[in-house]
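Structure, as structure tokens:
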Amino acid sequence: MLQNPVSAYTTVQKESMSPRDLEASVLTRAAVMLKQTQDNWDSPDRDAKLMDAISYNQKIWSFFQAELSAPENPLPVNIKQDILNLSLFIDKRLIEILAAPDPKKLSLVISINNNLAAGLRSEVIEAG
């Protein structure tokens with residue numbers, strides 16, 4: 001029964017968020033999923049949790065790639081290129097993790113996601 005109110009709240013929250021807030025929230029969620037997997041590495045459902053976390057991260061970074069590649073994207077070319085290069089690095093790292101799972105390999109992606117999310121939030125605060 002609680003599912004509908006929770007879904008409604010989540011939908012309203014997303015609709016009222018700025019694009020930067022939403023991006024920060026999604027990156028934070030991605031980092032949390034990876035961190036929870038890392039912290040519970042010996043759990044029996046680790047493989048499923050790892051796949052979920054990696055899949056979620058891949059979707060996010062693929063979305064960023066698509067957005068940055070769009071001709072109407074207003075960011076300066078050098079910033080778009082830097083973020084695209086970072087996204088390719090993340091893609092490569094996630095594939096490395098799938099090929100040879102190791103909890104230590106998750107730390108870098110967790111850190112990047114958290115730092116980008118923090119940067120997006122500070123820009124919102126500074127602009128606001």
Side-chain angles (χ1 to χ4, degrees):
M1 275 196 160
L2 288 177
Q3 194 65 18
N4 288 336
V6 170
S7 294
Y9 173 77
T10 302
T11 301
V12 168
Q13 183 182 20
K14 287 179 183 173
E15 289 174 359
S16 65
M17 295 175 96
S18 74
R20 286 190 183 272
D21 283 337
L22 183 57
E23 289 168 351
S25 175
V26 167
L27 283 164
T28 300
R29 178 172 180 225
V32 166
M33 289 175 75
L34 289 170
K35 182 69 174 142
Q36 287 174 338
T37 302
Q38 185 182 50
D39 289 346
N40 298 294
W41 194 254
D42 295 326
S43 131
D45 64 345
R46 182 208 59 212
D47 290 342
K49 297 286 185 186
L50 181 62
M51 273 309 297
D52 288 345
I54 287 177
S55 177
Y56 186 77
N57 274 270
Q58 288 174 322
K59 287 176 188 172
I60 291 167
W61 285 96
S62 292
F63 175 78
F64 289 157
Q65 290 168 1
E67 287 295 309
L68 292 165
S69 299
E72 64 274 3
N73 186 298
L75 287 175
V77 174
N78 63 326
I79 292 176
K80 287 195 280 190
Q81 190 60 49
D82 288 347
I83 298 171
L84 283 169
N85 288 336
L86 182 60
S87 73
L88 294 174
F89 173 81
I90 295 287
D91 284 345
K92 193 173 165 185
R93 184 62 163 201
L94 293 173
I95 289 169
E96 288 172 5
I97 294 166
L98 286 173
D102 181 341
K104 294 174 189 168
K105 292 180 183 177
L106 299 174
S107 296
L108 186 57
V109 179
I110 293 166
S111 178
I112 290 169
N113 286 350
N114 281 331
N115 284 320
L116 283 176
L120 288 165
R121 286 191 183 96
S122 68
E123 287 184 29
V124 170
I125 293 168
E126 289 172 13

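Computed from a predicted structure; not experimentally measured. Basis for what follows: all heavy atoms, side chains included, without hydrogens, waters or symmetry-related copies.
- Ser55 pairs by the side chain to side chain donor-acceptor pair (under 3.5 Å) definition with nothing, not counting sequence neighbours.
- Summarising the geometry of Lys80 relative to Ala70, their closest heavy-atom pair is NZ-O, 4.2 Å, with the distance given to 0.1 Å.
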N/O donor-acceptor pairs under 3.5 Å from side chains in residues 86-94, not counting sequence neighbours:
unit_1, atom_1, unit_2, atom_2, d
Ser87, OG, Gln65, NE2, 3.1
Ser87, OG, Leu84, O, 2.6
Asp91, OD2, Gln65, NE2, 2.7
Arg93, NE, Lys105, O, 3.2
Arg93, NH2, Lys105, O, 3.4

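- Applying the salt bridge (Lys or Arg N to Asp or Glu O under 4.0 Å) test to residues at least two apart or on different chains, none of the pairs has a partner in residues 49-60.
- Residues passing the side chain to side chain contact (heavy atoms under 4.5 Å, CB included) test with Tyr56 are Val26, Arg29, Ala30, Met33, Ile60, sequence neighbours excluded.
- Within the 4.5 Å cutoff, side-chain heavy atoms of Ile54 are placed close to those of Ile97.
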For this session: Kindly indicate, with the supporting measurements, whether the criterion side-chain hydrogen bond (donor to acceptor under 3.5 Å, both in side chains) is fulfilled by Asn40 and Gln36.
Result: CA-CA 6 Å; Asn40 298 294; Gln36 287 174 338; over 6 Å; no

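- Minimum heavy-atom separation, Ala24 to Leu120: N-CD1, 3.8 Å.
- Qualifying side chain to side chain donor-acceptor pair (under 3.5 Å) partners for Asp82, counting only residues two or more places apart in sequence or in other chains: none.
- Shown here for Leu75 and Asn73, the closest heavy-atom pair between the two residues is N-OD1, 2.9 Å.
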For this session: For the pair Leu50 and Leu106, evaluate side-chain contact (heavy atoms from CB on, under 4.5 Å) and give the outcome as yes or no after the intermediate values.
Result: CA-CA 10 Å; Leu50 181 62; Leu106 299 174; 4.1 Å; yes

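- Rounding to the nearest 0.5 Å places CD of Glu23 at 9.5 Å from CG of Asp21.
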For this session: I would like to know whether Ser111 and Asn115 meet side-chain hydrogen bond (donor to acceptor under 3.5 Å, both in side chains); could you show each step before the answer?
Result: CA-CA 6 Å; Ser111 178; Asn115 284 320; 3.2 Å; yes

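- Follow the hydrophobic side-chain contacts under 4.5 Å out from Val109 and you reach Leu98 in the same cluster.
- Remark: Asn113 pairs with Asn57, Trp61 by the side chain to side chain donor-acceptor pair (under 3.5 Å) rule, at least two apart or across chains.
- Note that the CZ atom of Arg20 and the CZ atom of Arg121 stand 12.5 Å from one another [nearest 0.5 Å].
- Between Leu116 and Phe64 there is no side-chain heavy-atom pair separated by less than 4.5 Å.
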Which side-chain N or O atoms in residues 41-48 pair as donor and acceptor under 3.5 Å with protein atoms at least two apart or in another chain?
unit_1, atom_1, unit_2, atom_2, d
Ser43, OG, Asp45, N, 3.3
Ser43, OG, Asp45, OD1, 2.3

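- For Pro19, there are no side chain to side chain contact (heavy atoms under 4.5 Å, CB included) partners at least two apart in sequence or on another chain.
- In this structure, the side chain to side chain donor-acceptor pair (under 3.5 Å) partners of Asp39, at least two apart in sequence or on a different chain, are Lys35.
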